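Okay, so here's the structure we're looking at.
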Amino acid sequence: MNIDFSLRKQIALALNESFGADITPDSLSLQPTRKEFTGTYTFVTFPFLKISKMKPEETGEIIGKYLKTDLEIVKDYNVVKGFLNLQVSDRAWIEAFSSIIHNENHGFRPSNGRRIMVEYSSPNTNKPLHLGHLRNNFLGFTVSTIYEALGYDVVKAQIINDRGIHICKSMVAWIKYGYGETPESTGVKGDKLVGKYYVAFEKQFREEVSALVNSGLTMEEAEKKAPIMLEAIEMLRKWEAREAETYALWETMNKWVYRGFEITYDHMGVTFDKLYYESDTYLSGKKIVQAGLDKGVFFKKEDGSVWIDLSADGLDEKLLLRSDGTAVYMTQDIGTAIERFMEFPDLEKLVYTVGNEQDYHFNVLFLILKKLGYSWADGCHHLSYGMVDLPSGKMKSREGTVVDADDLMDEMEQTAKQHTQDLGKIEGFNEAQAAKLYRMVGLGALKYFLLKVDPRKRMLFNPEESIQFQGNTGPFIQYTYARISALLRRAKETGIGLIMNEEASPGELHAHEREVIYLLTQFEDRINEAAGEYSPAVITQYIYDLAKEYNKFYQEVSIFGEQDEAKKQFRVSFSYAVARTIKSGMEFLGIEVPERM
RNA sequence: GGUCCAGUAGCUCAACUGGAUAGAGCAACAGCCUUCUAAGCUGUAGGUUCCAGGUUCGAGUCCUGGCUGGAUCACCA
């Protein structure tokens, strides 16, 4: 039974019968009643005064009376100005709860046979992953699991930026200063080792540039003429010519990086179904240029370069092929998008999880695809997210202010360990169990912290203040789950089942119980909302509200002290439903929940 | 300069897509552990929602114009 829908259906009937309107339930919406008023659902009558031709109070009164008389689930109503507040009967709440508790898959829909692809992570291979990548990965992964919960077949993908000048820089520096170092010989994680040489390159490069500037060159000239940069450019040329030695080194160093990344991804708990490598795809899209020219969508300039004019759409001219015939980033993205839709013809959406610094790029990309006549272009979506800033501003690798992903995850676990030990919470845990808990809590805090903010907004991370464990945090939710788990263990010991009988009648509900059931009935709507907005923050907010409300109940209402067996049974069952929902929601976020903490 | 995004309590964030007196957490202060885990709960204090207009029964939310911060506009990726 869907209370929300039943109410809207009846309201539509009331409007139609009382005022001769022609309104469908779907066009109506209910909102939660503000807590200073009595009721759960509120219907705003202001928009319907034109139809009723009455005062707001009278209109609300008529609808309210209609509902109360004809609908069992409406216990009572009250009207304040244009707001009709509806109270739902406990019987209806219990029925609604019953259908939730008996649905093992509450929140998960069966497969719908539809397919989407979500691309995320997509790192460069010249340096380790950092805090920004964490936000990217957690966002992309979470959006994927949310769509999976809705029944979609989700292809989790990343395109690894394994070629280009950046990796050549690391290669040049490794040759010059590496003395044959390898991850094995140094014990350094592969991505860290390669990153070290990238930094070495930049250092040498800066020194050369400033020397050249001192000798009279402009900055621009100096950056082009610095000897080490010339070496990197030469390296790239050799790579493109597939010169054997260069290619072998490139493969070796990338392999180091991948092994390092694997460890990091594994720690993060994110996975991929499909890996694309830029070295395989960087030439794709060149073919499409001719097609675009034939269609008259693109045009060629005298020097042979190919462009598209988007000024009519409020954008600029955009280059698609250089005069020397080589492709640019945009060309490549056009090509790979087309290839993906060829690979998966039933793909309904293609979601790119990429920072908002590339908003313009994706506007242009999608627009070009549309102009080229691909109807699926409408299914492309840029999941654009804001940067993670430090109190000092942007993270700068050159200034050494980058927050490393591995380090941060380790620190979070250390902090979790500290907190747990301070609180003396691990009685009876063996070492492995304790380690597992620290990891759950530390990572949970980190993931929750990064996901609770609306993706579009930039967010601040203050390493000094470190991530909280109280209040609106991952550990708070985990803690709520652990407490309920303790209750459920006790219930099992005393022989109380977790799932109450259909006919069970706990009698009058506590206000907190009603509120929690209301939230439980909202779960699927919120999942839909999160998917539609590509916003895991909708889920974090929901679970937080649920946990918070449950904790109020926990504080005020005794379960095992309850004499009435039906009530006791209901409360156990009710707690179980909350735990299950918390667990599901956290699962979307990639956060595990502990049975004890 | 053009375009896009953001601006809400001291700090970090919400506000169900235009609804009631803008809510949480952190930090501060005051309470609650002999009773299911105090990583919890309750209370106090904290606001000209950047500014100025407009639209309407109603605006943090929509429109216009400013201000501030960020991004972007390369034959870079």
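Here the structure is a predicted model, which is why all the values come from computation and not from measurement. In what follows, every chain begins at residue 1, and chains take the letters A, B, ... in the order their sequences are listed.
Comparing C13(B) with A6(B), their C1' atoms are spaced 14 Å from each other, to the whole Å. Taking the P atoms as reference points, G18(B) lies 15 Å from G7(B), given to the whole Å. U12(B) and G46(B) have their C1' atoms separated by 15 Å, with the value rounded to a whole Å. Annotation: A20(B) and A15(B) have their P atoms spaced 14 Å apart (nearest Å). Separation of the C1' atoms belonging to C32(B) and C57(B) is 46 Å when rounded to the nearest angstrom. Look at the C1' atom in both C4(B) and A27(B): the space between them is 35 Å, to the nearest Å. To the nearest whole angstrom, the two P atoms, one in G70(B) and one in G65(B), are 23 Å apart. Using C1' as the reference atom, G60(B) and U72(B) are 27 Å apart when rounded to the nearest Å.
Here the side chain of V453(A) is nearest to one of A39(B), U37(B), C13(B), namely C13(B). Of the candidate nucleotides A39(B), C36(B), G19(B), C36(B) has the atom lying nearest to any side-chain atom of Y554(A). The side chain of F560(A) sits closest to C36(B) out of C36(B), A20(B), A39(B). Here the side chain of K425(A) is nearest to one of A77(B), A14(B), U37(B), namely U37(B). The side chain of F476(A) lies closest to G40(B) when the candidates are G40(B), U37(B), A39(B).
Remark: Q31(A) CD to T42(A) OG1 distance equals 6.0 Å, nearest 0.5 Å. Remark: T473(A) OG1 to L446(A) CG distance equals 12.0 Å, nearest 0.5 Å. Note that OG of S121(A) and CD1 of I160(A) are 8.0 Å apart. Values are rounded to the nearest 0.5 Å. Note that CE of M54(A) and CG of L49(A) are 10.5 Å apart. Values are rounded to the nearest 0.5 Å.
In the displayed structure, R439(A) atom CZ is contacted under 6.0 Å by more than 12 heavy atoms of other residues, nucleotides or ligands. Within a 6.0 Å radius of CD in E220(A), no more than 12 heavy atoms belonging to other residues, nucleotides or ligands are found.
One interatomic measurement links the two molecules: CE of M229(A) to P of C76(B), which rounds to 13 Å at whole-angstrom precision. With rounding to whole Å, F46(A) atom CZ is found 11 Å from A59(B) atom P. The separation between I233(A) atom CD1 and C76(B) atom P is 11 Å, rounded to whole Å. The distance from atom CD1 of I467(A) to atom C1' of C13(B) is 14 Å, rounded to the nearest whole Å. Taking atom CG of L451(A) as the reference point, atom C1' of A14(B) lies 16 Å away to the nearest angstrom. As a whole-Å value, the separation of Y550(A) OH from U37(B) C1' is 12 Å. Rounded to whole angstrom, the span from the CG atom of L487(A) across to the C1' atom of C36(B) amounts to 5 Å. Per the geometry, CD1 belonging to I539(A) stands 16 Å off P belonging to C16(B), to the nearest Å.
Within the structure, salt bridge (charged side-chain N to carboxylate O under 4.0 Å, His left out) contacts touching residues 562-575 of chain A (residues at least two apart or in different chains) are E513(A)-R571(A), E562(A)-R571(A), E565(A)-K568(A).
For the pair Y360(A) and U72(B), the criterion of a side-chain N or O lying under 4.0 Å from OP1 or OP2 is not met. In this structure, R571(A) does not reach the C36(B) phosphate: none of its side-chain N or O atoms is under 4.0 Å from OP1 or OP2.
Looking at heavy-atom distances under 4.0 Å, P47(A) makes contact with a base. Among the atoms of the strands shown, none is found under 4.0 Å from any heavy atom of E549(A).
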Which atoms of nucleotides 5-10 of chain B (N or O only) lie under 3.5 Å from a protein N or O atom, and what are those distances?
unit_1	atom_1	unit_2	atom_2	d
G7(B)	OP1	K457(A)	NZ	3.0

Between the protein and nucleotides 21-29 of chain B, which nitrogen or oxygen pairs come in under 3.5 angstrom?
unit_1	atom_1	unit_2	atom_2	d
G23(B)	OP1	R34(A)	NH2	2.8
A24(B)	OP1	K35(A)	NZ	2.6
A24(B)	O2'	Y544(A)	OH	2.6
G25(B)	OP1	K548(A)	NZ	3.2
G25(B)	O2'	N472(A)	N	3.4

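Pair assignment for C29(B) gives G43(B), based on Watson-Crick or G-U wobble hydrogen-bonding distances that are each under 3.5 Å. With a 3.5 Å ceiling on both atom-pair distances, A22(B) lacks any Watson-Crick or G-U wobble partner. Across the strands present, U34(B) finds no partner; the criterion is a Watson-Crick or G-U wobble pair with both atom distances under 3.5 angstrom. Partner assigned to U61(B) is none, using Watson-Crick or G-U wobble distances below 3.5 angstrom. Pair check for C4(B) finds G70(B); Watson-Crick or G-U wobble, both atom distances under 3.5 Å.
Under 3.5 Å, the side chain of K552(A) and the base of U42(B) form no donor-acceptor pair of N or O atoms. Residue T33(A) places no side-chain atom within donor-acceptor reach of the base of A20(B), judged by atom type and a 3.5 Å distance cut-off alone. In the interface, the side chain of N126(A) is not paired with the base of A77(B) through any donor and acceptor atom under 3.5 Å apart.
Salt bridge absent: E411(A) and K417(A) never bring a charged side-chain N and a carboxylate O closer than 4.0 Å. The residues E58(A) and K53(A) are annotated as not salt-bridged, no charged nitrogen and carboxylate oxygen being separated by less than 4.0 angstrom. E529(A) has a carboxylate O that lies under 4.0 Å from a charged side-chain N of R526(A), or vice versa, which qualifies the two as a salt bridge. Electrostatic pairing of R490(A) and E493(A) does not count as a salt bridge here, judged by no charged N lying under 4.0 Å from a carboxylate O. Taking a cutoff of 4.0 Å between a charged side-chain nitrogen and a carboxylate oxygen, E592(A) and K583(A) do not qualify as a salt bridge.
In terms of position on RNA chain B, the residue among H361(A) and E317(A) whose nearest nucleotide sits closer to the 5' end is E317(A). Sequence order on RNA chain B of the closest nucleotides to A547(A) and F553(A) puts F553(A) first from the 5' end.
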